[in-house]
Structure formats: C-alpha cells, structure tokens
Amino acid sequence: MAKKIKQIAIYGKGGIGKSTTTSNLSAALSVMGYKVMQFGCDPKSDSTNTLRNGKYIPTVLDTLREKSVVRTKDVVFEGFNGICCVEAGGPAPGVGCAGRGIITAVELFKQQRTFEELDVDCIIYDVLGDVVCGGFAMPIREGIAEHVFTVSSSDFMSIYASNNLFKGIKKYSNSGGALLGGVIANSINAGYAREIVDDFATRTQTKIVEYIPRSITVTQSELRGKTVIEAAPDSQQAQVYFSLAKKIAAHEKSETPVPLETKELQTWAATWSDKLLALETGMIPGGAAAGI
Ligand code: ADP
Ligand code: MG
C-alpha cells in the first residue's frame, strides 16, 4: 500500500516570514530523518533559496514554456540534506492567473507520479497571503494539502490576512478542503506581541503552534544563503525551528477555524489599541514586565 504523504500548506501576509519559516521547517524535518519536498508557490519563486545557497531554480512554468516534454528531474532540484526543491513560478507580469503555476505543477507531478518516485514523506507548500485567486486556494480547496498553517506576527495586517485565510478554509471545509493546523507566530519578542497573537488564536478557536522570535541569527544565515538549521545548527533559534518541526511531524488533527467578522475584527483591534496605549503611558502596572 502506498504510504500516506503528509501535505501541509503555509499561508500568510507577504514578507511575514513564510519562506524563512518553511525552509527552516523543511531543513529541521530533513535532519530529523524525513524526506521532504518544499514546493514554492509564490510567483516570486524565492521559497527554496536558503536551501540552495541563495540560488534560484528554474520554475515549473518557465520550464514548460521552454520544453515540450518536462520531466521530474527538470523541475525538482536537490537542496540542503536531500530536500526536494520546487518552484511553481508565475505568469509573465500582468498576464493570467498568478496561481496557475501551482495548478500546472501539481498536475504534472500527478501525471509523472513524482511524489511516489521521489518517495517523499512530507510536502510543504509555501503559498501566499491571500486566497482570492483560484490557483492559490487550490491547496486548500482541492484538499491537496491536508493541514494549513498560517504564519503571523502580532501586526494587525498580518492578523487580518490570517483571518481572511480562515474565512477561505471555513468556506471549503464541508467539501473536502484542508483544515487549519494552527498559527505559527513569527517575530514575537515583546510580551504584548505574544498576548495579541494568543488572543487572536483564542477568539478564532485555533492555537499557536510555536512562537518564533525575531533573531539576528536568521538574518546572518540568510545573508549566507542558508537556513539557520544549516548555518547555525546549535543556536537557540535552531532549537525553536526543531521544536516547531517536532510539533508539525506529530500533528494529525486540524480543525475548522472560526474567523471573526470584519466588524468584530475592527472592535478587537480597537480594544488592543487602547490596551497598548495604556501600557505605553504606564496606566497599567506591570507594563514594563509585559515587555514594552
Ligand atoms: P515571506 O515568504 O512571507 O514573503 P520571507 O520569509 O521572505 O517572507 O521573510 C521576509 C524577511 O524577513 C526575510 O529577509 C527574512 O530573513 C526576515 N525574517 C523572517 N522571519 C524572521 C525572524 N524570525 N527573524 C529575523 N528575520 C526574519
Ligand atoms: Mg516567500
């Protein structure tokens, strides 16, 4: 019997740290002994760079434009510790649906039985912030990925993007779509940042899978074109990514989130604004302890 491949999708606002988190997660899982494929779905096509010394790889869409017959080996490249790296790619700017690369790549791999041939245990789709376009919603809608995780900081725009994602997941939840595994909280240093993401997770009936600090080790490693797992495996930050990887490896049951209505989200944000102002002006004893 074919083994069950764990397929997860990572969504979140642009620039929030999806590719950084995904690459470190892939690297940690591979060091733990799993055969991992990282599937970059952002038209920026830079998802797998830190798994390959900062280098870009040819995308599936570009390769299909150049060659009439495309084989697995033309679009799957080996990265750190044997990770299979793929970039779906995007259309020429301004032409067509930017999500088409994902649809095309997944179809190609199905035809060629790529996942079986490479014997992967886990596929991680590094997707985008919004699920507006059909292609980007595909890993959720078609249930290609089974579990969705969102990367979010405590910034309102990233929470807003996560809440929108939750709406998308809920919409397809009754028709075989992927469900929510939880929130990966990124760039969490101040105490209040943790409280904000915790509160959002509670309100939407999900959980925080891991708190990842903003760390200079990430910046240093990225400047060398590497993940923290490769460049600084003994660092504290690497331990955080290993901890995330263990939780994701063990994760089995995802849930339908309960997104906030737009108005509820606005009220929630306004309440937090008041709380932060009170902390800043010292009206709440213990403001310093809360990390402000
Ligand atoms: P996305 O894929 O969501 O667009 P990236 O993963 O490319 O975002 O991250 C954007 C920038 O933020 C990168 O330069 C990355 O190094 C930095 N970054 C992300 N997470 C962290 C972190 N925890 N600590 C330090 N820098 C980070
Ligand atoms: Mg990215």
Side-chain angles (χ1 to χ4, degrees), residues 8-28 37-57 59-60 79-80 83 85-90 98-99 101-102 105 123-131 133 135-136 139 145 148-162 164-165 183-190 193-194 196-197 208-233 235-245 248 291:
I8 70 174
I10 311 270
Y11 283 78
K13 179 183 162 288
I16 207 64
K18 292 179 298 296
S19 301
T20 307
T21 309
T22 307
S23 301
N24 277 288
L25 171 62
S26 296
M37 173 181 277
Q38 180 161 322
F39 198 129
C41 301
D42 192 319
K44 275 193 295 177
S45 312
D46 62 354
S47 172
T48 57
N49 286 18
T50 53
L51 296 171
R52 293 189 32 90
N53 295 315
K55 291 194 207 80
Y56 283 84
I57 56 176
T59 71
V60 175
F80 169 71
I83 296 171
C85 301
V86 176
E87 295 286 349
I102 308 171
I123 305 172
I124 312 181
Y125 298 87
D126 173 10
V127 201
L128 272 195
D130 37 56
V131 280
C133 153
F136 295 126
V148 177
F149 292 87
T150 176
V151 176
S152 180
S153 71
S154 64
D155 291 346
F156 184 62
M157 289 324 288
S158 89
I159 288 190
Y160 181 85
S162 295
N164 269 347
L165 170 72
V183 178
I184 301 169
N186 191 35
S187 297
I188 305 296
N189 292 38
R194 193 170 171 135
I196 291 176
V197 288
I208 307 293
V209 189
E210 194 62 75
Y211 302 91
I212 302 175
R214 190 155 191 94
S215 151
I216 195 170
T217 316
V218 174
T219 315
Q220 272 171 343
S221 307
E222 186 183 61
L223 288 168
R224 294 193 179 278
K226 296 186 191 312
T227 59
V228 169
I229 303 297
E230 183 177 8
S235 64
Q236 272 215 304
Q237 191 75 2
Q239 294 318 305
V240 177
Y241 289 121
F242 275 118
S243 166
L244 171 68
I248 291 205

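Both ligands and their constituent atoms are indexed starting at 1 by order of listing. In what follows, residues are counted from 1 in the order of the sequence shown. These numbers come from the heavy atoms of this one structure, side chains and all, not from hydrogens, waters or symmetry mates.
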Quiz item: Where's the contact between N186 and ligand 1, heavy-atom distance under 4.0 Å: side chain, backbone, both or neither?
Solution: side chain
Exercise. Give the total of protein N/O/S atoms at a distance below 2.8 Å from the Mg ion (ligand 2).
Key: 1
Quiz item: So is there a nitrogen or oxygen of I16 less than 3.5 Å from a nitrogen or oxygen in ligand 1?
Solution: yes
Practice problem: Please report which non-hydrogen protein atom sits nearest to atom 8 (O) of ligand 1, along with the residue it belongs to and the distance in Å to one decimal place. | Solution: G17 N, 3.1 Å
Quiz item: Would one find an N or O of V218, backbone or side chain, under 3.5 Å from an N or O of ligand 1?
Solution: no
Quiz item: Just to confirm, does any protein heavy atom lie below 4.0 Å from atom 11 (C) of ligand 1?
Solution: no
Practice problem: May I ask you to identify, for K13, whether its side chain, its backbone, both or neither come under 4.0 Å of ligand 1 on a heavy-atom basis? | Solution: backbone
Quiz item: Considering only protein heavy atoms, which is closest to atom 17 (C) of ligand 1, and at what distance to one decimal place?
Solution: R214 NH2, 4.0 Å
Self-check item: E222 N/O to ligand 1 N/O under 3.5 Å
Solution: yes
Quiz item: In terms of heavy-atom contacts, does CG of L223 have more than 12 from other residues, nucleotides or ligands at under 6.0 Å?
Solution: yes
Quiz prompt | Close N or O approach (I212, ligand 1; < 3.5 Å) | solution = no
Quiz item: Can you list the ligand 1 atoms lying under 4.0 Å from a non-hydrogen atom of K44?
Solution: 4 (O)
Quiz item: Is a donor on one side and an acceptor on the other found under 3.5 Å between the side chain of N186 and the backbone of I16?
Solution: yes
Quiz item: Between the side chain of N24 and the main-chain N/O of V228, is any donor-acceptor distance below 3.5 Å?
Solution: yes
Quiz item: Any idea which part of S47 is under 4.0 Å from ligand 1, heavy-atom wise: side chain, backbone, both or neither?
Solution: neither
Quiz item: Between S153 and S187, do the side chains contain an N or O donor and an N or O acceptor separated by less than 3.5 Å?
Solution: no
Quiz item: Can G12 be said to touch ligand 1, with heavy atoms closer than 4.0 Å?
Solution: no
Quiz item: Pairs in or reaching into residues 152-162: which pass salt bridge (charged side-chain N to carboxylate O under 4.0 Å, His left out), with residues at least two apart or in two chains?
Solution: none
Practice problem: Step through the shown structure and confirm whether more than 12 heavy atoms of other residues, nucleotides or ligands are within 6.0 Å of CZ on F156. | Solution: yes
Quiz item: Looking only at atom types and distance, does a side-chain atom of E230 sit under 3.5 Å from a main-chain N or O of L51, one as donor and one as acceptor?
Solution: no
Quiz prompt | Within-cut-off N or O pair, S19 and ligand 1, under 3.5 Å | solution = yes
Quiz item: At what distance is the nearest protein heavy atom to atom 4 (O) of ligand 1, and which residue and atom is it?
Solution: G15 N, 2.7 Å
Quiz prompt | S215, any N or O under 3.5 Å of ligand 1 N or O | solution = yes
Quiz item: If we only count N/O pairs under 3.5 Å, is T20 in contact with ligand 1?
Solution: yes
Quiz item: Would you say Q236 has more than 12 foreign heavy atoms packed within less than 6.0 Å of its CD?
Solution: no
Quiz item: Is K18 reaching over with its side chain to a backbone N or O of K13, donor-acceptor style, under 3.5 angstrom?
Solution: yes
Exercise. For S23 and S47, indicate whether the former's side chain and the latter's backbone hold a donor-acceptor pair under 3.5 Å.
Key: yes
Quiz prompt | Any N/O pair K18/ligand 1 closer than 3.5 Å | solution = yes
Quiz item: Among E87, Q38, K55, which residue meets the side chain to side chain donor-acceptor pair (under 3.5 Å) test with T48?
Solution: E87
Exercise. Would you please name every residue forming a ring-ring contact (aromatic ring centres under 6.0 Å, His included) with F39, sequence neighbours left out?
Key: F109, Y125
Exercise. Not counting sequence neighbours, list each pair that qualifies as a side chain to side chain donor-acceptor pair (under 3.5 Å) and has a residue in residues 218-228.
Key: N53-K226
Quiz item: Would you say S158's side chain and S154's backbone share a donor-acceptor pair under 3.5 angstrom?
Solution: no
